[in-house]
Amino acid sequence: MKKVRVRFAPSPTGALHIGGVRTALYNYLFAKKNGGEMLLRIEDTDSNRFVPGAEDYIIESLNWLGIKFDEGVGIGGEYGPYRQSERKEIYKQYVDQLLNAGKAYIAFDTAEQLEAKRAEINNFQYDASTRAMMDNSLTCPQEKVQERIAAGEKYVVRFKIEPNEDITVNDLIRGKVVINSSILDDKVLWKSADCLPTYHLANIVDDHLMQITHVIRGEEWLPSAPLHVLLYRAFGWADTMPEFAHLPLLLKPEGNGKLSKRDGDRLGFPVFPLEWHDPKTGDVSSGYRESGYFPEAVINFLALLGWNPGTEQEIFSMDELIQAFSLDRVSKSGAKFDYEKGKWFNHHYLANKSNEELAALMAPVLKEKGVSCEASKLNKIIGLIKDRAHFVKELWNEMYYFFEAPTTYDEKAVAKRWKEDTPKLLSALVGFMATWDENISAKEMEEKTMAWNAENGFNNGAVLNPFRLALLGEMKGPHIFDVVEMLGVKETIARTQKALEVIK
Ligand code: GLU
């Protein structure tokens, strides 16, 4: 068996879309599952669409997410260079191979001429039915062609597609896809204007030279696959043609149509891994990283958008994904982008981080708030509240009351919880707490208080609900005696007394 080799081959035309990240991830999982290799190739032959910064952005995004390459741009390797703009000479010889074999031809038609043809003929397509009426090396005498080229006239090289042939693409996800070659046009493979190939030629030549065994890419490339099959055959490489796997689309949360950046703007979630500053428009688009997502949560979330393990398991580390992944379990139909689920994953990973790690992540916030707190106490506090947030930035809102006594009390909660007998009950409680040791544990104080309530015939809720309100200002937070343990008996008494003064 040949060693599995896959590639992620983005074009640096802007920020990497989250769907592109999923493509990179599935390539990575497939390669690692099969003991194979993955390379990063930058497909930058279309200089009109080149966006500065996009390549760095792609690399930084995948680094952040822990999707690692064995070879490629920024790493090197024996099949380089891996940036297509640096492979000009390599492509030229393959273009010549096709020209010499009569499998491609030279075309001089200018943009204006093509425009005129389109205006003249309905649904004009440059193909077997029309090429004889165009300005190309099939209609122009050989010496004249050479003269025109020598004179510097611009031309393109087009692939000569034979009509009326059924082409089969065996897709590992979709099965057999058959299309008739007559629907294909004679694609431009190379342009003399910049001496660069187009995507189709460069893609096939590189997949061949880089010994790619599996092409795993988005569904939007499926229509190109029959052309790619024909190119492999034209080069005589049909035997080593990679296997194809076209991944299902990521759909809008509502399920109708392809997920777009606009959906993200409209519904308030990022569609890019990192914040993106568009160098042309100056627009800034939000990213998962800056929005507070953990990379492992994004990976887990994306892995399940289009693939399922066939079990109920939802939480997967990267290693577990590698073990579980297979292309057979990638679905044919599009995957709805459920960003609430993405948040849920982040919540899960947040709640499962160690208190120490979260304390470190909270450090800048605590500094800004002027909070200084002994590490062991801070860790305990974080442990009490960490399952109440989706993001680190929400943690402060769940813990500020450990550091700041309330100055106001939620009016609705007061109306509901602060009863006529509350002052009597809480005053009694203050008296009772005054007998406690400052270091009393939550468990001990709970037992004491329950017993004390029972003895005095007090209803637990009637005592503890307004007590919470007095300590925190609202009806929120973890178990009340855990709160008291963190505040300490003295502070608890002070806060209760303050509430008794303020709330009338
Ligand atoms: N350069 C193409 C892209 O931007 C690559 C498509 C493929 O993987 O063949 O997605």
Partner of Glu219 under salt bridge (Lys or Arg N to Asp or Glu O under 4.0 Å), picked from Lys332, Lys258, Arg174, is Arg174

inquiry  = Both conditions, 6.0 Å and 45 degrees, for the charged tip of Arg289 above the ring of Tyr293: are they met here?
reply    = no

>> With a 3.5 Å distance limit and no angle check, can you tell me whether Arg22 reaches the backbone of Leu305 through a side-chain donor-acceptor pair?
In response: yes

Using atom types as modelled and distance alone, determine if a side-chain donor or acceptor of Gln146 lies under 3.5 Å from a backbone N or O of Glu143.
no

**OP:** I would like to know whether Leu274 and Tyr57 meet side chain to side chain contact (heavy atoms under 4.5 Å, CB included); could you show each step before the answer?
**Re:** CA-CA 8 Å; Leu274 314 181; Tyr57 177 94; 3.7 Å; yes

When every non-hydrogen atom of Tyr126 is compared with those of Asp109, the smallest separation belongs to OH-OD1, 2.6 Å

Can any side-chain N or O of Arg5 pair as donor or acceptor with the backbone N or O of Met210 at less than 3.5 Å? yes

One should read off an interatomic distance between Leu302 CG and Leu25 CG, to the nearest 0.5 angstrom, of 6.5 Å

Closer than 3.5 angstrom, by distance alone: can the side chain of Asn27 be matched with the main-chain N or O of Ile216 as a donor-acceptor pair? yes

Original post:
Just checking, is any N or O donor in the side chain of Glu243 or Asn170 under 3.5 Å from an acceptor N or O on the other one?
Top reply: no

dist Asp338:CG -> Leu250:CG (nearest 0.5 Å) comes out at 12.0 Å

Taken to the nearest 0.5 Å, the spacing of Asp185 CG from Leu227 CG works out to 8.0 Å

Between Tyr91 and Trp190 (judged by ring centroids, cut-off 6.0 Å), do the two rings come close enough to count as a pair? no

Does NZ in Lys341 sit with more than 12 non-hydrogen atoms of other residues, nucleotides or ligands closer than 6.0 Å? yes

Review point. Backbone N or O of Phe50 within a donor-acceptor pair of the Thr13 side chain at under 3.5 Å?
Key: no

I want to know whether Tyr26 and Trp307 have ring centres closer than 6.0 Å.
no

Practice prompt. Evaluate the side chain to side chain contact (heavy atoms under 4.5 Å, CB included) criterion for residues Ile106 and Ile149: first the C-alpha distance (whole Å), next the side-chain angles of each, then the deciding distance (0.1 Å), finally the verdict.
Written response: CA-CA 10 Å; Ile106 284 165; Ile149 292 175; 3.7 Å; yes

On a heavy-atom basis, the closest approach of Leu201 and Leu189 is CB-O, 3.6 Å

One should read off an interatomic distance between Thr45 OG1 and Arg83 CZ, to the nearest 0.5 angstrom, of 13.5 Å

Is it true that, when you exclude Lys367 itself, more than 12 heavy atoms of the residues, nucleotides or ligands shown sit nearer than 6.0 Å to its NZ? no

Between Lys187 and Asp127, does at least one N-O distance fall below 4.0 Å, as a salt bridge requires?
no

Ignoring hydrogens and angles, tell me if any N or O in the side chain of Thr130 forms a donor-acceptor pair with the backbone of Gln125 under 3.5 Å.
yes

To the nearest 0.5 Å, atom CD1 of Ile179 lies from atom OG1 of Thr168 at 10.0 Å

Side-chain heavy atoms of His246 within contact of Ile173, under 4.5 Å: no

Decide side-chain hydrogen bond (donor to acceptor under 3.5 Å, both in side chains) for Asp263 and Ser260; before the verdict, give the C-alpha distance in whole Å, the side-chain angles of both, and the deciding distance to 0.1 Å. CA-CA 5 Å; Asp263 299 317; Ser260 72; 3.3 Å; yes

Do the charged groups of Arg262 and Asp265 touch, with an N to O distance under 4.0 Å? no

Q: Go through the side-chain N and O atoms of Ser285 and Lys261 and say whether any donor and acceptor fall under 3.5 Å apart.
A: yes

For this session: Might you confirm whether atom CZ of Arg329 has over 12 heavy atoms from other residues, nucleotides or ligands at distances under 6.0 Å?
Result: yes

Counting neighbours of NZ on Lys380 that are heavy atoms of other residues, nucleotides or ligands and sit closer than 6.0 Å, is the number greater than 12? no

Worksheet item: Charged N to carboxylate O under 4.0 angstrom, Arg118 versus Glu120?
Response: no

Would you please indicate yes or no on a ring centroid separation below 6.0 angstrom for Phe235 and His208? no

Between Asn346 and Ala297, the two heavy atoms sitting closest are OD1-CB, 3.4 Å

Mind checking whether His228 and Tyr199 have ring centres under 6.0 Å apart? yes

Ring pair (Phe, Tyr, Trp, His ring centres under 6.0 Å) test vs His214 passes for just one of Phe244, Phe30, Phe8, namely Phe30

Check your understanding: Would a distance-only check, ignoring hydrogens and angles, find a side-chain to backbone donor-acceptor pair under 3.5 Å from Glu398 to Leu395?
Key -> no

Quiz item: Can Asp207 and Met241 be said to form a side chain to side chain contact (heavy atoms under 4.5 Å, CB included), step by step?
Solution: CA-CA 9 Å; Asp207 282 348; Met241 185 167 79; over 6 Å; no

- Task: Could you tell me whether Glu71 and Arg7 have a side-chain N and a carboxylate O separated by less than 4.0 Å?
- Result: no

Note to self: Does atom NZ (Lys393) have a neighbourhood of more than 12 heavy atoms from anything else shown, all under 6.0 Å?
What the structure shows: yes

- [ ] Return yes if a side-chain donor-acceptor contact under 3.5 Å exists between Tyr155 and Asn136, otherwise no.
- [x] no

message = Show, in sequence, the C-alpha distance, side-chain angles and deciding distance for Asn300 and Tyr349, and conclude whether the side-chain hydrogen bond (donor to acceptor under 3.5 Å, both in side chains) test is met.
response = CA-CA 10 Å; Asn300 199 153; Tyr349 283 92; 2.6 Å; yes

Nearest heavy-atom contact between Pro10 and Leu40 is CD-CD1, 3.8 Å

In terms of heavy-atom contacts, Ala31 and Val6 come closest through CB-CG2, 3.7 Å

Tell me if the centroids of the rings in Tyr28 and Phe69 come within less than 6.0 Å of each other. no

### Query
In terms of side-chain geometry, is the basic nitrogen of Lys336 or Glu254 positioned less than 4.0 Å from the acidic oxygen of its partner?
no

Rounded to the nearest 0.5 Å, the CG atom of Leu184 sits from the CD1 atom of Ile161 at a distance of 4.5 Å

Smallest heavy-atom separation, Pro295 atom then Leu65 atom, equals O-CD2, 3.9 Å

Checklist entry - Thinking salt bridges, do Glu165 and Arg233 make one under a 4.0 Å N-O criterion? => result yes

The salt bridge (Lys or Arg N to Asp or Glu O under 4.0 Å) partner of Asp186 among Arg158, Lys160, Arg131 is Arg131

Got a sec: does the NZ of Lys88 have more than 12 other heavy atoms crowding it under 6.0 Å? yes

message = Could you check whether any side-chain N or O of Ser182 sits under 3.5 Å from a backbone N or O of Asn164, counting only pairs where one atom can act as donor and the other as acceptor?
response = yes

Inset, instruction - Under the side chain to side chain contact (heavy atoms under 4.5 Å, CB included) rule, what do Phe294 and Leu350 come out as? Steps first, then yes or no, please. - result: CA-CA 8 Å; Phe294 297 117; Leu350 174 69; 3.7 Å; yes

Report task. Answer yes or no: is there a donor N or O on one side and an acceptor on the other, between the side chain of Ser11 and the main chain of Asp44, under 3.5 Å? Result -> no

* Are the side chain of Asn34 and the backbone N or O of Gly36 linked by a donor-acceptor pair below 3.5 Å? -> no

Exactly one candidate in Phe301, Tyr339, Tyr288 meets ring pair (Phe, Tyr, Trp, His ring centres under 6.0 Å) with Phe269; the answer is Tyr339

- prompt: So does Asp70 pair up with Lys32, basic N to acidic O under 4.0 Å?
  reply: yes

